[in-house]
Amino acid sequence: MSALKFFVLQAESTFSEEEEEKLQIAFSLEKQDLHLVLETISFILEQAVYHSLKPASLQQQLQSIHLDQDKAEAFASAWATAGQDMIEKFRQRVLTPQKLETIGWQLNLQMAESTQAKLKSPQAVLELGVGNEDSKNLKKVFVEFSHQELFEFYNKLETIQAQLDSLT
Amino acid sequence: MVNHILPGSLTDVAFLFPVTVNALEGKDCKESVRLIAESANLSEEQLAFLISGMYTLLREALRLPLSTFKQEVSSGSTWNPDKVKAVIPEDFIVDFSSVVFGNRRPTSEGTALIQRSRLPSIQDFKWRVDVAISTSSLARALQPSILMMMKLSDGTAHRFEVPVAKFQELRYNVALILKEMNDLEKRSILKIQD
C-alpha cells in the first residue's frame, strides 16, 4: 500500500498502460479494482493538498472515516515525506498561458553604423525566453536598450520590488 | 555632378539644396521634389543626378563626427576644400559648410540616431502584482505573482507572467548589465581615441 502511495505522490500523473498491468500483477487485483484503488488514493491526496493538511491531521481524518489503522498510518508517513513538496508545487502553478522561463543578455559597444561613424555607444540586448503552457517552443523575445532606457527599466523593476516587499 | 550643374540654372540647384537638407533631417519631401521637377528646366536624369549627388555628399559629411573636422581642413584629409571646390561651384560651398558645421547639424544628427537600425526596444511597459488567494488545487495559496506587458517598437506586444524567483533573477541581471555599462563607459573613453 505505501509503495503505491509513494508512486502516486511522486508521479502525480496517471499511470501508463504497462505500469497499470504491472501493478495489477503486483497486487493481484482486477483492472477495475486497480482503477478504484488509484482513484481513491488520488482523491485523498488531492484533498490533503487542497486543505494543506499536516500528516497528523490527515491520519486523524482517515481514521474518522473508518479506514484501517495501518492504512491510515501508511498515508500519514507517505504524506510526511512528500507532502510539503507537493503543496509547494501546486502553489507555483499558474494559469496564464505565457511564462518567463529564461533570461539572457549581451552588452555591446556600438562603434559605427551606416549613418554615423565613430560612435562609442553601449547597447544591451536582453533575451527573454517566454514559454507556453507546457514549455514547448520557447519564444525568444529580443529587446535592445541604451544606457538611459536600461536605467528607466531598472527603476520600474525597483518599483515592482517595492510592491512585493510591502506584501510581506 | 559639375557637368550637370553648369548647363542647368543655378536657381534650380538652390531650390534642391534645402530639399536635400530636409530629407536628411527626416522630413517628407515628395511634394517639394515634384514641384521642382515640374518648374525646372532640367531633365529627369539631371535632376536625379543632382539630388543624389548632394544627398550623398552631405550624408558622408554628416557621418563623421564634428571633432574630426576643422573649418579649415588640412590638405591631407578627405575633406579638402580644393577637392570640394572642384566638384561644387563656389557659391554652394558656403551653404554646404553651414549645414555640416552650423546650427542645423544637431537636427540631422538627431534624425540619424532615430532612424538607425536597431533591435526592437521597449515602447510601453505595464505590470501588475497579484496575490493568488485560492485556486482549484489549493484552498489557501497566498502566492504573489507578477504579470508584465511589453509593447515593443516594432509593434509586437508580449504579455507574460513572471514567477517571483525569475523576477529576482531579472532584476539581478539588469543591475549587472548597468554596472558593466558604467564600467565600460569609464574605461572606453580613456582607451579608444578618435
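All heavy atoms count here, side chains included; hydrogens, waters and symmetry mates do not.
- For A/Gln123, the parts lying under 4.5 angstrom from a heavy atom of chain B are both the backbone and the side chain.
- Interface remark: B/Ile146 contributes side-chain atoms only to the contact with chain A (heavy atom separation under 4.5 Å).
- The contact between A/Leu128 and chain B is made entirely by side chain atoms (from C-beta outward), counting heavy-atom distances below 4.5 Å.
- For A/Leu167, the part lying under 4.5 angstrom from a heavy atom of chain B is the side chain only.
- Ranked by heavy-atom pairs shorter than 4.5 Å toward chain B, the options A/Ile160, A/Val49, A/Leu107, A/Leu164 are led by A/Ile160.
- The parts of B/Leu178 that come within reach of chain A are both its backbone and its side chain, each placing non-hydrogen atoms under 4.5 angstrom from that chain.
- If you tally non-hydrogen atom pairs under 4.5 Å between each of A/Trp105, A/Phe142, A/Tyr154 and chain B, the highest count goes to A/Trp105.
- Here the CD1 atom belonging to A/Ile87 is positioned 14.0 Å from the CZ atom belonging to B/Arg140, to the nearest 0.5 angstrom.
- With a threshold of 4.5 angstrom between heavy atoms, A/Gln161 approaches chain B through its backbone and through its side chain.
- The shortest side-chain heavy-atom distance between A/Val130 and B/His158 does not fall under the 4.5 Å cut-off.
- With chain B as the partner, the residue from A/Glu152, A/Lys139, A/His51, A/Lys99 showing the most heavy-atom pairs under 4.5 Å is A/Lys99.
- Interface remark: B/Ser136 contributes backbone atoms only to the contact with chain A (heavy atom separation under 4.5 Å).
- Here B/Ala175 is the residue among B/Ala175, B/Ser145, B/Ser134 with the most heavy-atom pairs under 4.5 Å with chain A.
- With a 4.5 Å cut-off on non-hydrogen atoms, A/Val143 touches chain B through its backbone and its side chain both.
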Stepwise side chain to side chain contact (heavy atoms under 4.5 Å, CB included) test for A/Phe145 and B/Ile122: CA-CA 8 Å; A/Phe145 294 94; B/Ile122 289 189; 3.8 Å; yes
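- Of the inter-residue distances, the one linking B/Gln123 atom CD with A/Glu149 atom CD reads 10.5 Å to the nearest 0.5 angstrom.
- Rounding to the nearest 0.5 Å gives a distance of 7.0 Å between CZ of A/Arg91 and CG of B/Leu142.
- Between A/Leu100 and B/Lys166, the shortest heavy-atom contact is O-CG, 3.7 Å.
- Interface remark: A/Phe153 contributes side-chain atoms only to the contact with chain B (heavy atom separation under 4.5 Å).
- When all heavy atoms are compared, the tightest approach of A/Pro122 to B/Glu185 is CG-OE2, 3.2 Å.
- Atoms CZ and CD1, from B/Phe167 and A/Ile103 in turn, are 10.0 Å apart once rounded to the nearest 0.5 Å.
- For B/Gln143, the part lying near chain A is the side chain, with the backbone staying farther off; criterion is any non-hydrogen pair under 4.5 Å.
- Only the backbone of B/Arg159 comes within less than 4.5 Å of a heavy atom of chain A; no side-chain atom from C-beta onward does.
- For A/Gln84, the CD atom sits in a loose shell: 12 or fewer heavy atoms of surrounding residues, nucleotides or ligands are nearer than 6.0 Å.
- Scanning both residues, A/Gln163 and B/Val129, for their nearest heavy atoms gives CB-CG2, 4.3 Å.
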Full working for salt bridge (Lys or Arg N to Asp or Glu O under 4.0 Å) between A/Glu158 and B/Arg171: CA-CA 8 Å; A/Glu158 283 295 302; B/Arg171 209 169 127 245; 2.8 Å; yes
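- With chain A as partner, the option from B/Ile177, B/Asp154, B/Val162, B/Val164 having the largest number of non-hydrogen pairs under 4.5 angstrom is B/Ile177.
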